[in-house]
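Notes follow the structure.
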Amino acid sequence: MIVIFPFLRSRGPGVLTRIREEMSRPENQMSKLRLYRMLQMIYIFQRLNAFTIPIDLFDRSDASEALRLVWSSIPDSFVSLQEMNDAYGHVTSPEYLSQVHIFYEEAIRQTVSRREPRPLSQYCRTVVRERLLNCTPWLPDGIKQLKLPSRFESFLNLQRDNLHPENFQVP
């Protein structure tokens with residue numbers, strides 16, 4: 001089932017056909033999961049900008065934090081602006097995708113110029129969390145029972161983004 005996002009509706013009839021044709025070209029083939037994750041970013045950004053709620057009643061940082069948590073819990077490489085343009089540039093403007101990508105970079109607290117593998121620490125975090133999901137006790141109690149130093153515990157609990165030494169300095 002294909003979900004039609006509001007930003008696609010304004011592109012006129014046949015937009016889904018054009019998307020399917022474009023994505024079937026060999027140079028544009030990305031995994032469906034990766035395309036879906038990009039659509040999630042676009043959707044979150046679009047929903048944020050659709051609200052007409054006074055700024056003091058709506059905290060944009062909640063959506064940003066949710067996006068950060070998702071990308072902290074998966075091993076996928078970060079999405080580059082070029083990838084987003086390759087995938088969805090034919091159905092929405094490059095300027096809009098650029099705004100989405102800026103929001104994404106702010107959320108993940110990284111600058112992404114090209115697609116490259118994530119650090120080994122990220123892969124380790126996802127494997128440990130995945131193993132703990134299949135055991136009892138579940139997260140975060142399972143992490144506590146590992147009796148790791150607090151900096152690694154907070155890393156596994158998605159409270160820290162990476163294991164660079166400067167992120168573990170005592171305030």
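We count residues from 1, following the sequence as given. No hydrogens, no waters, no symmetry mates; every other heavy atom, side chains included, goes into these values.
Expressed to the nearest 0.5 Å, how far CG of L139 lies from CD of E130 amounts to 11.0 Å. Taken to the nearest 0.5 Å, the CD1 atom of I102 stands 11.0 Å off from the CG atom of L97. Residue L133 holds its CG atom at 9.5 Å from OG of S73, rounded to the nearest 0.5 Å. From R114, atom CZ reaches atom CD of E83 across 12.5 Å, with rounding to the nearest 0.5 Å. Here the CD1 atom belonging to I42 is positioned 7.0 Å from the OH atom belonging to Y96, to the nearest 0.5 angstrom. The CD atom of Q99 lies 12.5 Å from the CD atom of Q46; values are rounded to the nearest 0.5 Å.
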### Task
For the pair L146 and F152, evaluate side-chain contact (heavy atoms from CB on, under 4.5 Å) and give the outcome as yes or no after the intermediate values.
CA-CA 10 Å; L146 293 174; F152 293 114; over 6 Å; no
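Looking at every heavy atom in both residues, I44 comes nearest to A63 through CG2-CB, 4.0 Å. Shown here for P75 and R118, the closest heavy-atom pair between the two residues is O-CG, 3.5 Å. The minimum heavy-atom distance linking L158 with S72 is given by the pair CD2-O, 3.5 Å. Annotation for L67 and A107: closest pair CD2-CB, 3.8 Å, computed over non-hydrogen atoms. The shortest heavy-atom contact between R34 and S77 is NH1-O, 2.9 Å. When all heavy atoms of H101 and V79 are compared, the pair lying nearest together is NE2-O, 2.7 Å.
Within the structure, ring pair (Phe, Tyr, Trp, His ring centres under 6.0 Å) pairs that include any residue of residues 64-87 comprise W71-Y104 (at least two apart or interchain). Residue pairs satisfying the ring pair (Phe, Tyr, Trp, His ring centres under 6.0 Å) criterion with at least one member in residues 111-132, sequence neighbours excluded, are absent.
The backbone N or O of S150 sits less than 3.5 Å from a side-chain atom of S154, completing a donor-acceptor pair.
With hydrophobic clusters built from ILVMFWY side chains whose heavy atoms lie under 4.5 angstrom apart, M41 shares a cluster with L48.
Residues Q122 and R125 have side chains that bring a donor and an acceptor to within less than 3.5 angstrom of each other. For the residue pair D86/Q82, the side-chain donor-acceptor check at 3.5 Å is satisfied.
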